[in-house]
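Just the heavy atoms: all of them, side chains too, but no hydrogens, waters or symmetry mates, feed the values below.
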Amino acid sequence: MDCAFSLHDILHIGKSFSFPGDPGTYTSVLFRYILFKPFEEEVMIGKIRRSTTDGVWVTLGFFEDVFIPASYLQFPYRFDSTENCWVWEYNDGDQTHNLYMDEREEIRFRVVQLEFRDVAKREGEIGEELTMKVIGTVSEPGLGLLSWWKQDNI
């Protein structure tokens with residue numbers, strides 16, 4: 001199954017044991033793991049981690065490889081190299097408002113694609129490790145920074 005695994009936390013580390021003739025040690029460890037694979041078209045909320053001229057990188061807290069390419073941002077847009085962030089140049093009919101996509105701001109995006117990359121192990125190791133990258137979009141109404149949209153109490 002293609003998905004991302006992440007160690008969430010370690011709850012308990014027990015005593016270590018070694019056995020005669022065996023150079024290894026054995027330790028009982030209780031931990032929690034996160035298994036993550038979003039669905040295409042799923043709408044998610046994360047925080048902007050950083051912006052580059054290629055697009056916006058988003059973190060979910062437990063997963064860092066969410067990328068929103070520049071072509072999937074609200075249009076019209078521009079990259080502000082002084083602020084090092086993307087700007088949506090929103091026109092309300094009367095005037096244009098510059099809406100900045102600053103780091104650590106909460107952002108709602110829709111998953112458009114999942115990319116899996118094979119990472120070869122070193123010589124002698126068995127198997128391959130799959131890493132996942134989530135490609136998202138904010139180029140639709142209701143998507144983008146949460147502060148851009150009116151929040152109704154439910």
Side-chain angles (χ1 to χ4, degrees), residues 1-74 77 79-88 99-149 151-154:
M1 171 172 34
D2 295 334
C3 57
F5 294 92
S6 178
L7 178 64
H8 178 65
D9 59 5
I10 296 175
L11 301 173
H12 176 74
I13 300 175
K15 290 184 179 181
S16 293
F17 299 96
S18 59
F19 300 101
D22 186 345
T25 61
Y26 299 88
T27 307
S28 174
V29 178
L30 181 61
F31 58 89
R32 292 189 292 180
Y33 234 66
I34 294 174
L35 174 65
F36 174 65
K37 182 181 179 186
F39 298 101
E40 289 186 11
E41 303 299 321
E42 183 174 354
V43 175
M44 304 182 81
I45 295 176
K47 286 190 178 184
I48 295 178
R49 185 165 53 108
R50 67 184 166 97
S51 294
T52 67
T53 54
D54 296 324
V56 177
W57 288 93
V58 176
T59 178
L60 299 175
F62 60 90
F63 185 77
E64 304 290 316
D65 291 333
V66 177
F67 182 63
I68 302 170
S71 59
Y72 287 160
L73 297 175
Q74 293 277 12
Y77 55 83
F79 186 75
D80 186 328
S81 55
T82 353
E83 296 287 329
N84 200 34
C85 69
W86 285 93
V87 181
W88 178 23
L99 303 176
Y100 288 81
M101 299 178 71
D102 294 319
E103 285 184 21
R104 296 182 297 279
E105 288 282 341
E106 287 190 310
I107 186 168
R108 181 181 294 116
F109 63 94
R110 183 176 56 80
V111 176
V112 293
Q113 182 181 358
L114 301 175
E115 290 181 1
F116 293 94
R117 300 177 301 252
D118 290 334
V119 179
K121 300 259 184 183
R122 285 183 242 138
E123 191 173 313
E125 292 182 334
I126 299 172
E128 292 182 344
E129 175 185 345
L130 288 177
T131 58
M132 181 178 68
K133 179 174 161 184
V134 176
I135 306 297
T137 183
V138 295
S139 64
E140 300 166 6
L143 301 180
L145 297 190
L146 298 188
S147 60
W148 293 350
W149 307 101
Q151 301 291 316
D152 290 330
N153 291 333
I154 297 175

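- Glu106 has its side chain out of reach of Leu145: every pair of non-hydrogen atoms, C-beta onward, lies at least 4.5 Å apart.
- Residue Leu114 comes nearest to Pro38 through the heavy atom pair CD1-O, 3.2 Å, listed as atom of the first residue, atom of the second, then distance.
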Original post:
When you look at Glu40 and Val112, which way does the side chain to side chain contact (heavy atoms under 4.5 Å, CB included) test go after all the steps?
Top reply: CA-CA 5 Å; Glu40 289 186 11; Val112 293; over 6 Å; no
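- Minimum interatomic distance between Ser18 and Thr25 (heavy atoms only, all atoms of both residues): CB-CG2, 4.4 Å.
- Annotation: Phe67, atom CZ; neighbour count of heavy atoms from other residues, nucleotides and ligands within 6.0 Å is above 12.
- The two residues Pro69 and Gly136 come nearest to each other via the heavy atoms CD-O, 3.6 Å.
- With contacts defined as side-chain heavy-atom distances shorter than 4.5 Å, the pair Val29/His12 does not qualify.
- For Phe31, the CZ atom counts as loosely surrounded, since its 6.0 Å shell holds 12 or fewer non-hydrogen atoms of other residues, nucleotides or ligands.
- Note that the CZ atom of Arg104 and the CD1 atom of Ile48 stand 10.5 Å from one another [nearest 0.5 Å].
- Between the Asp102 side chain and the Glu105 main chain, no donor and acceptor come within less than 3.5 Å of each other.
- Put simply, the side chain of Trp148 reaches to within 4.5 Å of the side chain of Trp88, judged on heavy atoms.
- Residues Met44 and Phe109 have side chains in contact (heavy-atom distance under 4.5 Å, counting atoms from C-beta outward).
- A salt bridge does not link Glu103 to Arg50: none of the charged side-chain nitrogens sits closer than 4.0 Å to a carboxylate oxygen.
- Among Glu64, Lys47, Arg49, the one residue that satisfies the side chain to side chain donor-acceptor pair (under 3.5 Å) test with Thr59 is Glu64.
- In this structure the side chain of Ile10 never reaches within 4.5 angstrom of the side chain of Leu30, judged on heavy atoms.
- Separation of atoms CE (Met101) and CD1 (Ile68) is listed at 6.0 Å; rounding is to 0.5 Å.
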Original post:
Can Trp86 and Phe79 be said to form a ring pair (Phe, Tyr, Trp, His ring centres under 6.0 Å), step by step?
Top reply: CA-CA 4 Å; Trp86 285 93; Phe79 186 75; 5.2 Å; yes
**OP:** Start with the C-alpha gap between Val66 and Leu60, add the side-chain angles, then the distance that decides, and say whether side chain to side chain contact (heavy atoms under 4.5 Å, CB included) holds.
**Re:** CA-CA 8 Å; Val66 177; Leu60 299 175; 4.1 Å; yes
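- Pairing each heavy atom of Cys85 with each of Tyr100, the nearest pair is SG-CD2, 3.5 Å.
- Residues Met132 and Phe63 come closest through the heavy atom pair O-CZ, 3.3 Å.
- The closest side-chain heavy-atom distance from Lys15 to Phe17 is below 4.5 Å.
- Using modelled atom types, one side-chain atom of Thr137 and one backbone atom of Tyr72 make a donor-acceptor pair closer than 3.5 Å.
- Residues satisfying the side chain to side chain contact (heavy atoms under 4.5 Å, CB included) criterion with Val43, sequence neighbours excluded, are Arg108, Arg110, Leu143.
- The shortest heavy-atom contact between Thr27 and Gly14 is CG2-O, 3.4 Å.
- A salt bridge is absent between Lys133 and Asp65; no separation between the charged side-chain nitrogens and carboxylate oxygens falls under 4.0 Å.
- Contact annotation: the side chain of Leu99 never approaches that of Val87 to less than 4.5 Å [non-hydrogen atoms, C-beta and beyond].
- Panel note: side chain Gln113, backbone Val134; no donor-acceptor pair is recorded below 3.5 Å.
- The aromatic rings of Tyr26 and Phe19 sit tilted relative to each other, their planes meeting at an angle between 30° and 60°.
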